[in-house]
Each structure stands twice: as C-alpha cells, then as structure tokens.
Amino acid sequence: MTIALQGGIASSLGAQQLASAFSPAFSHLRILRNLVIPMPEGHAVRTARIDAVLVCETGVYLFEIKAWRNAFVYRKKSDQSPPRWFLRLNGCQNAREVKDPAWQGGRKTAQLRGLLPDDLRLQYFVLLPCEGIELEGVMPAAVITQQDLPYIARLVRNNGRTARTYRLLDAQAIDRTVERLLEIQGDLSLEDHLQNCRERSGFAASSASTGTPSRWTGANAMGLQ
C-alpha cells in the first residue's frame with residue numbers, strides 16, 4: 001500500500017473526474033492540463049504549474065491535484081504560524097509532513113488574477129482524486145475529494161447564475177478565455193517548469209551542505225509535493 005500515486009497518473013485521473021462531474025452541469029466547457037504560468041520576479045521558482053484549469057459558463061476554476069491515497073489528511077494549527085499538513089497511511093501511526101496545498105493553490109490564483117479580466121470569476125480547489133483518502137478535522141472548503149465533485153459542479157453553476165457577481169460566458173467567450181490562458185503561458189513548457197524546480201532544489205541542497213541560510217531549504221525539506 002502506497003501513500004501516493006505517480007503525479008502524472010493522479011493528474012490524468014483528476015482531469016477525467018472533472019470532465020465527468022462538470023459535463024452534466026455545463027453544456028460547454030474546456031479543461032487545460034499542466035498550464036505553466038510565469039511568477040513574479042524574486043519568487044523562489046520562476047514559474048508555476050496549475051494541474052488542471054476548467055473554464056465554463058460561470059468562470060475559471062483552478063485545481064491543484066494531489067496524488068495522495070490510502071491516507072488520512074489532517075492539519076495542525078497554531079496561532080503563531082501557518083497550519084502544518086500531514087499524511088498518515090491507513091493503519092499506521094507515523095505521519096509525514098507535506099506542503100500546504102491550499103497555500104500552493106492560493107498563490108497561483110493570486111498571480112493569475114492579475115493577468116485576467118477583473119469581471120471573470122476565478123476560484124481554486126485542491127482535488128484529492130485517489131481512493132482511500134479521508135479528511136480529518138475541519139478542512140478549508142477548497143479541499144475536496146472525488147465524491148465532492150458532482151456537488152461542487154452544481155454549486156458553482158447555481159451560485160454563478162444566481163449571484164451574477166461576475167459575467168457569464170457563452171461558448172465563444174469560453175474559447176477566448178482559453179486562448180488568453182494559453183497566451184499567458186506563451187512559450188513556457190512543462191519541461192521549463194521542471195527545470196526551474198530542479199534549479200531551486202539544487203540551490204537549496206547547496207545551501208544546506210555549505211551551511212548557507214536559505215529561505216528555500218526549509219520548504220524543500222517539507223516532504224511530498
């Protein structure tokens with residue numbers, strides 16, 4: 001029993017689940033996988049990857065897809081510091097610390113928000129598509145499992161149509177929005193992003209071996225992505 005699938009497999013599974021859950025709710029939608037966007041100057045990694053982007057009538061929805069499975073997911077909160085996230089394999093007592101997926105999704109959303117029209121709804125979720133996942137304690141509403149997807153699809157459809165806080169998109173507007181997302185990505189590729197991540201990891205490892213303080217070293221040591 002493993003605590004995580006291969007990332008590419010989990011991403012494909014998540015995209016399939018998104019299409020299956022959202023298609024009954026929307027007559028026209030587009031799903032982009034592995035959208036790479038530039039991050040602000042001075043950011044630890046120069047690019048960010050968004051696992052899945054779903055564009056439909058009510059807006060743009062970003063999905064951070066995690067490959068965790070057969071595990072309890074929980075947080076430890078402190079008044080003095082951000083929440084720490086952990087995975088504990090079913091039947092085991094030991095837990096493994098992982099990066100905060102809600103924070104990861106939030107920073108990508110904030111960056112993309114500045115690159116898209118203000119009247120376009122933009123929202124993110126953390127999707128855990130694999131089997132055997134159980135959420136312990138109170139989790140952010142943005143953290144969802146496969147079982148939650150049909151409800152989320154109906155929720156974003158109904159809220160978008162009734163609230164009318166943001167404009168609704170017809171089929172042409174959906175396609176134009178996808179074109180804009182691809183323009184933002186430009187010539188950036190998944191390999192470019194992976195290389196940027198490797199450079200960051202190499203810098204963190206070098207800093208650790210030489211004793212040089214690095215704001216990246218601690219983040220790199222937090223465990224599963």
Side-chain angles (χ1 to χ4, degrees), residues 1-37 45 47-56 58-73 85 87 89-90 96 98-109 112 122-135 139 142-157 174-175 177-182 184-198 201 223-225:
M1 183 180 293
T2 60
I3 203 168
L5 283 178
Q6 184 180 2
I9 296 175
S11 181
S12 296
L13 177 62
Q16 293 170 7
Q17 293 173 358
L18 287 172
S20 177
F22 277 75
S23 292
F26 296 99
S27 59
H28 185 67
L29 59 86
R30 298 279 300 276
I31 297 176
L32 297 176
R33 288 185 54 198
N34 294 322
L35 182 73
V36 179
I37 63 173
V45 181
T47 52
R49 176 181 68 180
I50 303 171
D51 296 315
V53 181
L54 188 147
V55 185
C56 61
T58 56
V60 178
Y61 301 91
L62 314 181
F63 291 86
E64 184 87 9
I65 299 176
K66 291 302 179 184
W68 308 333
R69 68 172 183 172
N70 301 322
F72 293 91
V73 182
W85 289 65
L87 298 183
L89 192 64
N90 292 343
R96 185 170 184 176
V98 295
K99 287 185 179 181
D100 181 344
W103 176 81
Q104 290 179 295
R107 68 187 176 89
K108 297 172 189 179
T109 305
L112 200 55
L122 185 65
Q123 188 174 357
Y124 82 92
F125 295 92
V126 177
L127 173 60
L128 310 179
C130 303
E131 76 245 358
I133 283 292
E134 183 173 340
L135 304 179
M139 284 288 179
V143 180
I144 60 176
T145 65
Q146 174 189 0
Q147 290 72 28
D148 300 317
L149 280 176
Y151 167 75
I152 294 297
R154 295 192 300 270
L155 182 69
V156 300
R157 178 195 63 190
I174 290 171
D175 292 339
T177 301
V178 169
E179 291 173 1
R180 174 57 186 150
L181 291 168
L182 294 176
I184 292 170
Q185 176 173 261
D187 294 331
L188 293 172
S189 67
L190 181 56
E191 180 53 40
D192 292 330
H193 173 66
L194 295 176
Q195 179 61 34
N196 290 337
C197 291
R198 285 192 291 266
S201 297
L224 293 173
Q225 301 297 306

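Residue numbers count from 1 along this sequence. On a predicted model such as this, the values are computed, not experimentally measured, just so you know. No hydrogens, no waters, no symmetry mates; every other heavy atom, side chains included, goes into these values.
Within the model, atoms CZ of Arg49 and CG of Asp192 stand 13.0 Å from one another, a figure rounded to the nearest 0.5 Å. In this structure, the separation between CG on Leu35 and CG on Leu190 is 11.0 Å, given to the nearest 0.5 Å. Separation of atoms CG (Asp51) and CG (Leu62) is listed at 10.5 Å; rounding is to 0.5 Å. Between atom CG of residue Leu181 and atom CG of residue Leu112 there is a gap of 6.0 Å, rounded to the nearest 0.5 Å. Taking OG1 from Thr58 and CG from Leu54, the interatomic distance works out to 8.5 Å, rounded to the nearest 0.5 Å. To the nearest 0.5 Å, the span separating CH2 on Trp103 from NZ on Lys99 amounts to 7.0 Å.
Contact between Val126 and Lys66 at its shortest, heavy atoms only, is CG1-CG, 4.3 Å. Among all heavy-atom pairs drawn from Ile65 and Ala52, the shortest one is CD1-CB, 4.0 Å. Of all non-hydrogen atoms in Ile144 and Phe63, the two that sit nearest each other are CD1-CE2, 4.2 Å. For the pair Glu64 and Pro101, the tightest heavy-atom approach, listed with the atom from each and the gap, is CG-O, 4.3 Å. Of all the heavy atoms in Gly14 and Pro129, the pair that sits closest is CA-CB, 3.9 Å. Considering all non-hydrogen atoms of both residues, Gly132 and Asn90 come closest at O-ND2, 3.6 Å.
For the pair Trp68/Val98, a side-chain contact is recorded, criterion being any heavy-atom separation below 4.5 Å from C-beta on.
Taking Thr47 as the reference, His193, Asn196 meet the side-chain hydrogen bond (donor to acceptor under 3.5 Å, both in side chains) condition, with sequence neighbours excluded. Every residue two or more places apart in sequence or in another chain was checked for a ring pair (Phe, Tyr, Trp, His ring centres under 6.0 Å) with Tyr124, and none qualifies. Under the rule for a ring pair (Phe, Tyr, Trp, His ring centres under 6.0 Å), Tyr61 has no partner lying at least two apart in sequence or in another chain. Legend: residues meeting salt bridge (charged side-chain N to carboxylate O under 4.0 Å, His left out) with Arg157, ordered by chain and number and at least two apart, are absent. Qualifying side-chain hydrogen bond (donor to acceptor under 3.5 Å, both in side chains) partners for Glu134, counting only residues two or more places apart in sequence or in other chains: none. Residues meeting the side-chain contact (heavy atoms from CB on, under 4.5 Å) test with Ser12, sequence neighbours left out: Arg33. For the side-chain contact (heavy atoms from CB on, under 4.5 Å) test, residues two or more places apart in sequence or in another chain that qualify with Glu131 are Arg69, Asn70. Looking at residues two or more places apart in sequence or on another chain, you find no salt bridge (charged side-chain N to carboxylate O under 4.0 Å, His left out) involving Arg107. In terms of the side-chain contact (heavy atoms from CB on, under 4.5 Å) criterion, residue partners of Gln146 (sequence neighbours excluded) are, by chain and number, Gln17. Leu135 pairs by the side-chain contact (heavy atoms from CB on, under 4.5 Å) definition with Val73, Leu128, Ile133, Met139, Val143, Thr145, not counting sequence neighbours.
Checked against Val53 for a side chain to side chain contact (heavy atoms under 4.5 Å, CB included), the options Val60, Leu122, Asn34 give a single hit: Val60.
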Would you mind writing out the side-chain donor-acceptor pairs for residues 18-32 within the sub-3.5 Å range, not counting sequence neighbours?
unit_1 : atom_1 : unit_2 : atom_2 : d
Ser23  : OG     : Ala19  : O      : 2.6
His28  : NE2    : Asp175 : OD1    : 3.2
Arg30  : NH1    : Asp175 : OD1    : 2.9

